[in-house]
Peer 1: 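What follows is a structure written as structure tokens; I'll ask about it next.
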Amino acid sequence: MIYIYDIQNKDNGTNEQEVFLMSRFEEAKEAYAGVGVDVEAALKQLQQVRISMHCWQGDDVLGFDSDTLTGGIATTGNYPGRARNPEELMADIHKAYTLIPGKHKLNLHASYRITDEKVDRDKIEPKHFKAWVDFAKEEGIGLDFNPTFFSHKNVKDNMTLSSPDKAIRDFWIEHGKACRKIANYFGEELGITALDNIWIPDGTKDVPADRIGPRARLKDALDEILSVKYDRKNIADAVEGKVFGIGVESYTVGSHEFYMNYAAKNGLMCLLDTGHYHPTEVVSDKISSMLLFNDSLALHVSRPVRWDSDHVIKLDDELKELATELVRCNALDKVFIGLDFFDASINRLAAWVIGMRNMQKALLYGLLTPNKELKAAQDAADFTKVLQGLEEIKTLPFGDVWAEFCQRNEVPVDGKWYPIVKEYEKDVQFKR
Ligand SMILES: C[C@H](O)[C@H](O)[C@@H](O)C(=O)CO
Ligand SMILES: [Mn+2]
């Protein structure tokens, strides 16, 4: 944009015209400065945030050690081009990272081990994930990990760690222990703390006769898994609760209350999945309470549509609220942000790119909100100003700041990455 200003010549008092050239980004910076926001500081902070991109969006949560998906979760759709093996999955993940600004993390499940050995889940070892560590080193990313307590013959009557059958419980306890060892190896090798997140599908379809029994067994099983101590620099343990799953509609052993208490008592992190609460409950409102009692917090960012449907996250009001809460609570370095959605009805690579970029956009939105001023207005009971400020921030030139962030990170701006995915789809994914 060209600006022409009339200015007065100080020496002779005559009026002259001065021409200024401002980029859209510079204009945006001025607009945000007008409401008290430092755009450069926001961009600097956003650059530091690593988001954990979940490997399981690339292959519909199938992994490399089973060919079915169980556990009360589901992918729907049959868009062509699913990654079928480690090479294809790594190629797709690499491509996604070239379209996402910044350096991030990759979230792996234990079912994605890479080996020719016939090794069951209770016997997996760090060596079965060495290829992923090599991949992470090449990409300059960190790794997170999840034991896979589903899609396996030892899920008996919808139970794993809470099963009344000791042999079943023991199998899964060994799996949980093996996974923590692997997560510790990730942290050691990469120098970036690996999150090890425990989620189990255990529950009953109909109203149970005994609720406390399975929960007591889960408690003991977790105690055993977590009895091995590791350096927190390498591994951070989290537990993920849930309200229900398909086929386990009435009772979930690992409920939110169970894990919140377990985590608080044992110094672990809670992982809040945005799809795991009742439909009108929002995770954005839980963050401040969690952070007042915990040094850190983990998230699975997902989009529930009427149920825990795991749709690709949109830049909707709740995502912006969630991200803004993280900023307001000064928690960007205390939170493990992971994504958790799986849509098989659209291009899976595009699903990652849209979700990752939306998470970053939401964080940027939060960073570009005049939080200090609005907090002061709230404390002064000027709720009109809070409303006005939160509404008018919506029409500031956010897109120009986002475009600058993409350009500085040498990735395509909005509108320019999808043709690249279409080309990759034609040349690579559709040939599978
Ligand atoms: C595949 C993931 O571990 C899984 O989605 C879990 O995190 C979950 O959210 C189950 O509903
Ligand atoms: Mn989850």
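First listed ligand is number 1; within each ligand, the first listed atom is number 1. Fair warning: this is a prediction, and the values are worked out from it, not measured in the lab. Computed from heavy atoms alone, side chains included, the values below leave out hydrogens, waters and symmetry copies. FYI, the numbering just counts along the sequence from 1.
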Peer 1: Return all protein N, O or S atoms below 2.8 Å from the Mn ion (ligand 2), chain by chain in residue order.
Peer 2: Glu240 OE2, Asp273 OD2, His300 ND1, Asp340 OD2
Peer 1: Please name all residues satisfying side-chain contact (heavy atoms from CB on, under 4.5 Å) with Lys375, sequence neighbours left out, ordered by chain then number.
Peer 2: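 Applying side-chain contact (heavy atoms from CB on, under 4.5 Å) to Lys375 gives Asp379.
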Peer 1: What is the distance from atom CG of Leu322 to atom CG of Leu326, rounded to the nearest 0.5 Å?
Peer 2: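 Here the interatomic distance stands at 5.5 Å.
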Peer 1: Any N or O on Lys242 sitting closer than 3.5 Å to an N or O of ligand 1?
Peer 2: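 Looking only at distances, the answer is yes, because the N/O contact criterion of under 3.5 Å is met.
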Peer 1: At their closest point, which heavy atom of Val413 faces which heavy atom of Arg357, and how far apart are they?
Peer 2: C-NH2, 3.4 Å
Peer 1: With respect to Asp340, determine whether any N or O atom, backbone or side chain, lies less than 3.5 Å from an N or O atom of ligand 1.
Peer 2: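 In this structure, Asp340 places an N or O atom under 3.5 Å from an N or O of ligand 1.
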Peer 1: Would you say Trp56 and ligand 1 have an N/O pair spaced under 3.5 Å apart?
Peer 2: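 For ligand 1, there is no N or O atom that lies under 3.5 Å from one belonging to Trp56.
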Peer 1: Should you measure from each heavy atom of Asp273, which atoms of ligand 1 turn up under 4.0 Å away?
Peer 2: 9 (O)
Peer 1: Is it true that Asp316 and Lys314 have a side-chain N and a carboxylate O under 4.0 angstrom from each other?
Peer 2: no
Peer 1: I need the nearest protein heavy-atom contact for atom 7 (O) of ligand 1: residue, atom name and distance, please.
Peer 2: Glu240 OE1, 2.8 Å
Peer 1: Centroid separation under 6.0 Å, is that true for the rings of Trp172 and Phe149?
Peer 2: yes
Peer 1: Which of the numbered atoms in ligand 1 are below 4.0 angstrom from a heavy atom of Ile73?
Peer 2: 10 (C), 11 (O)
Peer 1: Please report whether ligand 1 has a polar contact with His300, defined as an N or O pair separated by less than 3.5 Å (distance criterion only).
Peer 2: yes
Peer 1: Please report whether the ring centroid of Phe129 lies less than 6.0 Å from that of Tyr185.
Peer 2: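 No, too far apart.
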Peer 1: Identify the heavy atoms of Phe341 and Val301 that sit nearest to each other, and give their distance.
Peer 2: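 That would be CD2-O, 4.1 Å.
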Peer 1: Less than 6.0 angstrom separating the ring centers of Trp199 and Phe150, yes or no?
Peer 2: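 Yes, the ring centres sit under 6.0 Å apart.
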Peer 1: Taking only heavy atoms of Asp308 into account, list the atoms of ligand 1 that are under 4.0 Å away from them.
Peer 2: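 So the answer, numbered in order with elements, is 11 (O).
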Peer 1: Applying ring pair (Phe, Tyr, Trp, His ring centres under 6.0 Å), which residue pairs with at least one partner in residues 239-258 are found, sequence neighbours left out?
Peer 2: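 Residue pairs with at least one partner in residues 239-258: His256-Tyr277.
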Peer 1: Which protein non-hydrogen atom lies closest to atom 3 (O) of ligand 1, naming both residue and atom, and how far is it?
Peer 2: His109 NE2, 2.7 Å
Peer 1: Going by side-chain contact (heavy atoms from CB on, under 4.5 Å), name the residues that satisfy it together with Lys205, two or more places apart in sequence or in a different chain.
Peer 2: Glu249
Peer 1: Which heavy atom in Asp400 sits nearest to a heavy atom in Ala28, and how many Å separate them?
Peer 2: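 Closest pair (atom of Asp400, atom of Ala28, distance): CB-CB, 4.0 Å.
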Peer 1: With a cut-off of 4.0 Å, which atoms of ligand 1 are near a heavy atom of Phe342?
Peer 2: 5 (O)
Peer 1: Please state whether His276 comes within less than 4.0 angstrom of ligand 1, counting heavy atoms only.
Peer 2: yes
